[in-house]
Amino acid sequence: MTSVSLKNVSKSYGTVEVLRNIDLEIEQGELIVFVGPSGCGKSTLLRMIAGLETITGGDLTIDDIRMNDTPPAQRGIAMVFQTYALYPHMTVRDNMAFGMKIAKKPKAEIDAAVANAARILQLEPYLDRLPKALSGGQRQRVAIGRAIVRDPKVFLFDEPLSNLDAALRVATRIEIAQLKESMPESTMIYVTHDQVEAMTLASRIVVLHGGDIEQVGAPLELYERPANTFVAQFIGSPAMNLLNASVVKTGASTTVRLDHGGEVTVPIASRAEDAGAKVRLGVRPEDLTLAPPEGSFLKADVEIIEALGETTVIYFKPVDTGTDPLIAKLPGIHKVAKGAGLSLAAAPEKLHLFGEDGLSYLYRD
Amino acid sequence: MEQLLGALASMAAGVGACVLYFWGGNAVLDLIFPARGPDIGPNIRRANMVRPWLFLGPALVLLTVYLIYPVFNSLVLSFYGPSAETYVGFSNYTWLLADPGFHESMRNNLLWLIVVPAAATFFGLIAATLTDNIGWGNIAKSLIFMPMAISFVGASVIWKFVYDIRSEDVDQIGLLNAIVVALGGEPQAWIALPFWNNFFLMIILIWIQTGFAMVILSAALRGIPEETVEAAVLDGANPFQIFLKIKVPQIWGTIAVVWTTITILVLKVFDIVLAMTNGQWGSQVLANYMFDWMFRGLDFGRSATIALVIMVMVVPIMIWNIREARKDA
């Protein structure tokens, strides 16, 4: 069943268009993550669903009811803010109960809802404290509790972990994952710029860039089959290496010649007219391996080595090119000297092929 | 020309003397405890113990002479007769307790105390909220703030015209009477109406102080995190509920500081009453009553006693106000 549906939704401030023709269907019980760099419009999109921003074009429906002009409180949503947005003058209990008090719900019902949320989030000892007497993590739990009390159809999370320190962020991320598991019927929309949060929490990820949806898919689908160079480089860390190349042989698999020499055959189909086309060969740093010179397609000069113990990250330049450094992430410890020459290779099925327009060869029809 | 030169010369001399004192004093201190030689450590420590007193000294002396000494002298004077020569014990105080003029002043001061801070803070809060939400808010704010720039006496002159009354056969030039007459009413001598004239005088101070309250409260309102307001919107609160249950509680500390600041001002209210009615027609207040006994009654003892009453009322509010303002910061 469709829970939230966006049809051709757009947003502009005056003449500045910040979101264009967004089409998205979110099923009930999904945890959708909007991810993208700063300014991509992900928070704006969330706030439009919440009703805190007007929708300039298109339709938003929640449970098949058009919500464009419905006041936020009547959309059946609850939102958790990055800055928690707790009412500083109210106790934890009153913070969670405020919405129901405004709605003039019976006191017994309010008490039961607050008690339930407090139990789920282990906030019982803190119910009579003011927010200022709580730690950052506890405050965020209260904010989540306030959302639970509203018993919404859709939970909206706007970068809820950004204000927490690194250790607490991991712990709270797991708490949110458990929360989702305990409420399988609830739909959740989660905005973050952190791809680790996106990969670990999402049932599906929506990658936004410059006001457009770049790709929608399950986390590993985005990792394994990115639709374009933006998604390819945004998902995964360090980012995917892109090498300029041209097609030399087309067919069920494609052979490309890299601009700096070296030929490789990729098991991705291409058309006859692709012959000679400029393409970009994508290879993830972690897919690169050391290889004997005859089996490699990349000859590299090592520039910087970061030995992390579990992995060794090598920044290198392909021999005789002036491109930005490329990155290889090799498991374990490799004693490599700066300036040394390396031969690198990758399994053909791990390679990606993008046209000059940046779109993946995989998704062409 | 000669006067001008004289003024400039004395200004230069004053500034020069200050520079000489601070710079010279500091230099002398460094000579006495030089930051070198075998005793460098103790010398620096000793110099640092003396230095604050050296710099604060002039201010402390001036405050003592012009503030602390007068307080104690007032206390002493309140036990003496009119020309401060004969000791009269508590008779100034017993006189004060029985004096109808003092009763009237106390009653009026209490009225001022209740009405003015409340009204100025209330209107200031309303003005701050409304001007933050409209396009021409900044112009409106400037207009509301402008009376702050006018002296109390100047404001009284303006309002004297508003309350002015002429005999019935000529046109009313007072704004209020002109309106009353235009609506078919009888012109009134507003500031001579016993009891009610107090409120006409209060309006002047409210008119002046609303701008002050508005500016401070507007800054406080803007300091409220926008997300708490958005969260309240999502919780279903209407604008009125957001204002009363989310915004006002968050700026409660500022409201209290504004309120008490105006309260202190009101306890000392003097210029408006002097300029408008001089305490006639039942509009006397403590500060004007004190002034009356000092310069018309020529009674040092009684005016000092009234001054002490005002001080006793102001001090606790001021202490609370300073504490609250510090807490906010």
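Throughout, a chain's letter reflects where its sequence line sits, starting with A, and its residues are numbered from 1.
A/Arg146 touches chain B through its side chain: at least one heavy atom from C-beta onward sits under 4.5 Å away, while N, CA, C and O do not.
No more than 12 heavy-atom neighbours from other residues, nucleotides or ligands sit within 6.0 angstrom of CZ on B/Phe123. For B/Lys268, the NZ atom sits in a loose shell: 12 or fewer heavy atoms of surrounding residues, nucleotides or ligands are nearer than 6.0 Å. For CD of A/Gln122, the number of neighbouring non-hydrogen atoms (other residues, nucleotides, ligands) closer than 6.0 Å is 12 at most. Residue B/Trp196 qualifies as open at atom CH2: its count of foreign heavy atoms under 6.0 Å is 12 or below. Enclosure of atom CG in B/Leu130 by more than 12 non-hydrogen atoms of other residues, nucleotides or ligands within 6.0 angstrom is indicated. In this structure, B/Phe122 places its CZ atom where only 12 or fewer heavy-atom neighbours from other residues, nucleotides or ligands lie under 6.0 Å away.
Heavy-atom proximity under 4.5 angstrom to chain A picks out B/Glu227, B/Thr228, B/Glu230, B/Ala231, B/Ala232, B/Val233, B/Leu234, B/Asp235, B/Gly236, B/Ala237, B/Gln241, B/Lys245, B/Ile246 from residues 225-247 of chain B. Contact annotation for residues 85-105 of chain A against chain B (heavy-atom separation below 4.5 Å, listed by residue number): A/Ala85, A/Leu86, A/Tyr87, A/Pro88, A/His89, A/Met90, A/Phe98, A/Gly99, A/Ile102.
Each of A/Pro71, A/Pro72, A/Pro152 has some count of heavy-atom pairs under 4.5 Å with chain B, and the biggest count is that of A/Pro72.
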